[in-house]
Chemist: 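Can you keep this structure in mind? I'll have questions shortly.
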Amino acid sequence: GWVWCAYNVYMAVDTLLVVRFGDRPRPLWQWWRDLGCWKWMRNYFPVRLRVERPAAFSSDENYVFVLHPHGVHSFGAFINFVTNANKVDQIIPGVRVHVMTLGIQFKLPFWRELAVWGGCGNASRKSIVNCLKGPPGESALLVVGGAEESLLSQPGNFDLVLKKRKGFVKIALQQGAPLVPCFSFGETDVYRALLPRFPYLRPYLKAVQSKFGFALPLIAGRGVFSYRGGLLPHRRQITTVVGDPIPVAKWSKKWDPADPALQRRIDEVHEQYIAALRGLYERNKDIHALSRKGELNLVT
C-alpha cells in the first residue's frame with residue numbers, strides 16, 4: 001500500500017542524493033550503532049575486539065583497515081565496526097571506521113538500512129577515495145578476500161585470497177593512507193562449508209560470483225534446537241585483532257600504471273603488508289586459534 005510506495009520514493013530520493021553529492025560512505029548514526037540488540041548478537045557467538053596498541057592510532061589520520069578472513073558473512077566486521085557493540089569508538093577515539101561493502105547491499109529494501117545507518121559505503125574505488133578525502137579520522141575498512149574467499153571458508157583453516165589483491169595498496173599510495181592489518185580468528189568456524197562434498201558445483205558457484213560479484217556458498221550451520229544442520233551460525237567465538245598502522249608515503253610522481261617504478265613500489269608495500277599480517281597472525285594464533293587445522297595460507 002502507501003507505506004511501500006513511500007519507502008520506494010525514499011529509496012529513489014536517497015539514490016539521487018548519492019548521484020548528486022558523490023558516492024561516499026554514509027554518516028554514522030550513533031544511536032543505531034549503540035542499540036542494545038547488537039550486544040545480544042555479540043554475545044551469541046561471542047564476538048570480541050582487541051586492538052594491540054590503541055595509542056598507535058591518531059584522530060588526525062585517515063586509515064585503510066584491511067580485514068581477513070572474509071568467512072561466509074563477516075560477522076566480525078559487522079559487530080565490531082558497523083555497530084559499536086565492542087566499543088570501537090572508545091578504544092580508538094576520533095577514528096570513524098566505515099565498512100565498505102557490495103553496492104547491491106544498498107539496493108535491497110530494508111536490509112539496506114543496516115548498511116546506511118551503520119555508515120557503510122560502496123566498495124568501489126571512488127567511494128573509498130571519497131571516504132579517505134574526508135575530515136581527519138574518516139577511515140575505510142575493506143574485507144579484500146571478498147566473494148571468492150568466502151567460497152574457501154572452512155572451519156579451522158585460514159585460506160586468504162590476497163596475493164593478487166593490490167587495489168587497496170594502490171589506493172593507500174594515492175592517498176598516503178596508513179594500512180591497518182586486522183584478523184578475525186574464528187570467522188571461518190561458524191559455518192561448515194559443503195562445497196568439498198559437491199566439488200562439481202564449484203564452476204557454477206564461481207560463475208555466479210563472476211557475474212554478480214557475490215557468492216552463494218553451500219553451508220551448514222545449526223538449527224534452533226539442533227546442532228546438526230541449519231542456517232543459523234554456530235556459537236563459536238570470533239576475536240578480531242587489530243594490528244599497528246603501517247605508514248604509507250603518498251606517491252608524489254605522476255600516477256602512470258606503466259611506470260616500472262610505480263609497480264615496484266606497489267609490490268613493496270604489498271609485501272610489507274603481507275609481512276605485517278603474518279606477524280599479527282603468528283602473535284595471536286596460539287591464543288585465539290587453538291583448534292586450527294591449518295596455518296595462514298595465501299592462495300593464488
Chemist: Does some side-chain heavy atom of Leu142 sit less than 4.5 Å from a side-chain heavy atom of Val64?
Modeler: yes
Chemist: Kindly indicate whether a cation-pi arrangement holds for Arg235 with Tyr44, taking the cut-offs as under 6.0 Å to the six-membered ring centre and within 45° of the axis.
Modeler: yes
Chemist: Would you indicate whether the side-chain heavy atoms of Phe81 and Val242 approach each other to under 4.5 Å?
Modeler: yes
Chemist: Hey, can you tell me if Phe78 and Trp32 have their rings parallel, tilted or perpendicular (30° and 60° cut-offs)?
Modeler: perpendicular
Chemist: Could you check Ser184 against Phe75 for side chain to side chain contact (heavy atoms under 4.5 Å, CB included), going step by step and ending with a plain yes or no?
Modeler: CA-CA 9 Å; Ser184 282; Phe75 289 111; over 6 Å; no
Chemist: Which residues satisfy the side-chain hydrogen bond (donor to acceptor under 3.5 Å, both in side chains) test with Asn62, sequence neighbours excluded?
Modeler: none
Chemist: Does a donor on one side chain and an acceptor on the other come within less than 3.5 Å for Asp89 and Gln30?
Modeler: yes
Chemist: Which residues pass the salt bridge (charged side-chain N to carboxylate O under 4.0 Å, His left out) test with Glu138, not counting sequence neighbours?
Modeler: Arg96
Chemist: Heavy atoms only: give me the nearest Gly119-Leu28 pair and the separation to one decimal.
Modeler: CA-CD2, 3.6 Å
Chemist: Considering non-hydrogen atoms only, spot the tightest contact between Val190 and Glu187 and give its length.
Modeler: CG2-O, 3.6 Å
Chemist: Can you tell if the side chain of Val88 reaches within under 4.5 Å of the side chain of Arg33, non-hydrogen atoms only?
Modeler: yes
Chemist: Answer whether the closest heavy-atom distance between the side chains of Val66 and Leu179 falls below 4.5 Å.
Modeler: yes
Chemist: Parallel, tilted or perpendicular: which fits the ring planes of Tyr281 and Phe185, with parallel below 30° and perpendicular above 60°?
Modeler: parallel
Chemist: Among all residues two or more places apart in sequence or in another chain, which pass the side-chain contact (heavy atoms from CB on, under 4.5 Å) test with Ile91?
Modeler: Leu49, Val51, Pro54
Chemist: What is the minimum heavy-atom distance between Ser59 and Pro93, and which atoms define it?
Modeler: CB-O, 4.0 Å
Chemist: Please examine the side chains of Glu52 and Val241, heavy atoms only from C-beta on, and report whether any two atoms are closer than 4.5 Å.
Modeler: yes
Chemist: Considering residues at least two apart in sequence or located in another chain, which fulfil the salt bridge (charged side-chain N to carboxylate O under 4.0 Å, His left out) criterion with Lys285?
Modeler: Glu282, Glu295
Chemist: Go through the structure and list residues passing side-chain hydrogen bond (donor to acceptor under 3.5 Å, both in side chains) with Glu268, not counting sequence neighbours.
Modeler: Arg265
Chemist: When you measure from the side chain of Arg112 to the backbone of Phe106, do you find a donor-acceptor pair of N or O atoms at a distance under 3.5 Å?
Modeler: yes
Chemist: Got more than 12 heavy atoms from elsewhere within 6.0 Å of NZ, Lys39?
Modeler: no
Chemist: Who else is in the cluster with Val3 when I, L, V, M, F, W and Y are joined by side-chain contacts under 4.5 Å?
Modeler: Trp2
Chemist: What pairs of residues pass the side-chain hydrogen bond (donor to acceptor under 3.5 Å, both in side chains) test when at least one of them lies in residues 66-88, not counting sequence neighbours?
Modeler: Asp34-Asn84, His68-Tyr273, Asn80-Asn86, Asn80-Thr240, Asn84-Gln90
Chemist: Among residues at least two apart in sequence or on other chains, which ones pass side-chain contact (heavy atoms from CB on, under 4.5 Å) with Gln272?
Modeler: Ile246
Chemist: Sequence neighbours left out, what passes side-chain hydrogen bond (donor to acceptor under 3.5 Å, both in side chains) with Ser58? Give chain and number order.
Modeler: none
Chemist: Can you see which heavy atom on Arg236 is nearest to which on Asp189, and at what distance?
Modeler: NH1-O, 2.7 Å
Chemist: Any sub-3.5 Å donor-acceptor pair from Tyr191's side-chain atoms to Pro155's backbone N or O?
Modeler: no
Chemist: List the residues meeting ring-ring contact (aromatic ring centres under 6.0 Å, His included) with Phe57, not counting sequence neighbours, and say none if there are none.
Modeler: Tyr63, Phe65
Chemist: Hydrophobic clusters here meaning ILVMFWY residues chained together by side-chain heavy-atom distances under 4.5 Å, can you tell me if Val143 and Ile128 are in one?
Modeler: no
Chemist: Would you say the side-chain atoms of His98 pair up with the backbone N or O of Gly118, donor to acceptor, closer than 3.5 Å?
Modeler: no
Chemist: Check for me, please, whether Leu67 and Ile79 land in the same ILVMFWY cluster - side-chain distances under 4.5 Å, paths through other members count.
Modeler: yes
Chemist: Please collect all side-chain hydrogen bond (donor to acceptor under 3.5 Å, both in side chains) contacts where either partner lies in residues 168-183, sequence neighbours excluded, each pair once.
Modeler: Arg125-Gln174
Chemist: Any donor-acceptor pair under 3.5 Å linking the side chain of Arg165 with the backbone of Val144?
Modeler: yes
Chemist: For Ser127 versus Met100, what's the shortest heavy-atom pair and its separation?
Modeler: OG-CE, 3.4 Å
Chemist: So which heavy atom on Ser139 is nearest to which on Val95, and how close?
Modeler: OG-CG1, 3.7 Å
Chemist: Would you check if there is a donor-acceptor pair between the side chains of Ser150 and Glu148 at a distance under 3.5 Å?
Modeler: no
Chemist: Ignoring hydrogens and angles, write down the donor-acceptor pairs under 3.5 Å from the side chains of residues 254-262, residues two or more places apart or on other chains.
Modeler:
{"residue": "Asp256", "atom": "OD1", "partner": "Ala258", "partner atom": "N", "Å": "3.1"}
{"residue": "Asp259", "atom": "OD1", "partner": "Ala261", "partner atom": "N", "Å": "3.0"}

Chemist: Find out if a path of hydrophobic residues (ILVMFWY) with successive side-chain heavy-atom gaps under 4.5 Å connects Val99 to Phe183.
Modeler: no
Chemist: Side-chain heavy atoms under 4.5 angstrom apart, residues restricted to Ile, Leu, Val, Met, Phe, Trp, Tyr: same cluster for Val180 and Val129?
Modeler: no
Chemist: Membership question, hydrophobic clusters at under 4.5 Å side-chain separation (ILVMFWY): are Leu141 and Val116 in the same one?
Modeler: yes
